[in-house]
Amino acid sequence: MKWLELLTVGGATLVAAVTVVVLYSLGVRLTAIAGDARQSSPGLKRSLAYVCFGFCGLAVLFGLYLIIPYFSK
């Protein structure tokens with residue numbers, strides 16, 4: 001068995017999972033901050049939250065592209 005390839009795949013999986021979780025939690029946090037009535041610019045924070053959610057969606061779609069053989073022909 002090729003252990004280096006196994007460690008490479010495991011490391012890439014860990015980095016991708018942490019990235020998606022951090023982006024999603026940052027988006028949730030920015031949405032909560034934008035909902036506060038005392039914020040001076042809630043529109044900017046809400047748009048940054050949507051950008052974080054968009055990157056999460058793109059990461060999920062890219063993962064599906066890599067997994068499903070029909071798309072990677």
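Keep in mind it's a predicted model, so treat the numbers as computed, not measured.
Here the straight-line distance linking atom CG of Asp36 with atom CD1 of Ile33 works out to 8.5 Å at 0.5 Å rounding. Interatomic distance, OH of Tyr50 versus CZ of Phe53, reported as 8.0 Å (0.5 Å rounding). Interatomic distance, OG1 of Thr8 versus CH2 of Trp3, reported as 13.0 Å (0.5 Å rounding).
Hydrophobic cluster membership differs between Ile67 and Tyr70, with clusters built from Ile, Leu, Val, Met, Phe, Trp and Tyr side chains linked at under 4.5 angstrom.
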List, one per line, each side-chain donor-acceptor pair under 3.5 Å for residues 22-32, sequence neighbours excluded.
unit_1: Ser25; atom_1: OG; unit_2: Val21; atom_2: O; d: 3.0
unit_1: Ser25; atom_1: OG; unit_2: Val22; atom_2: O; d: 3.0
unit_1: Thr31; atom_1: OG1; unit_2: Gly27; atom_2: O; d: 2.8

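Closest non-hydrogen pair, Ala34 versus Lys45, comes out as CB-CB, 4.1 Å.
Side-chain contact between Leu61 and Tyr65: absent, with no pair of heavy atoms (C-beta onward) separated by less than 4.5 Å.
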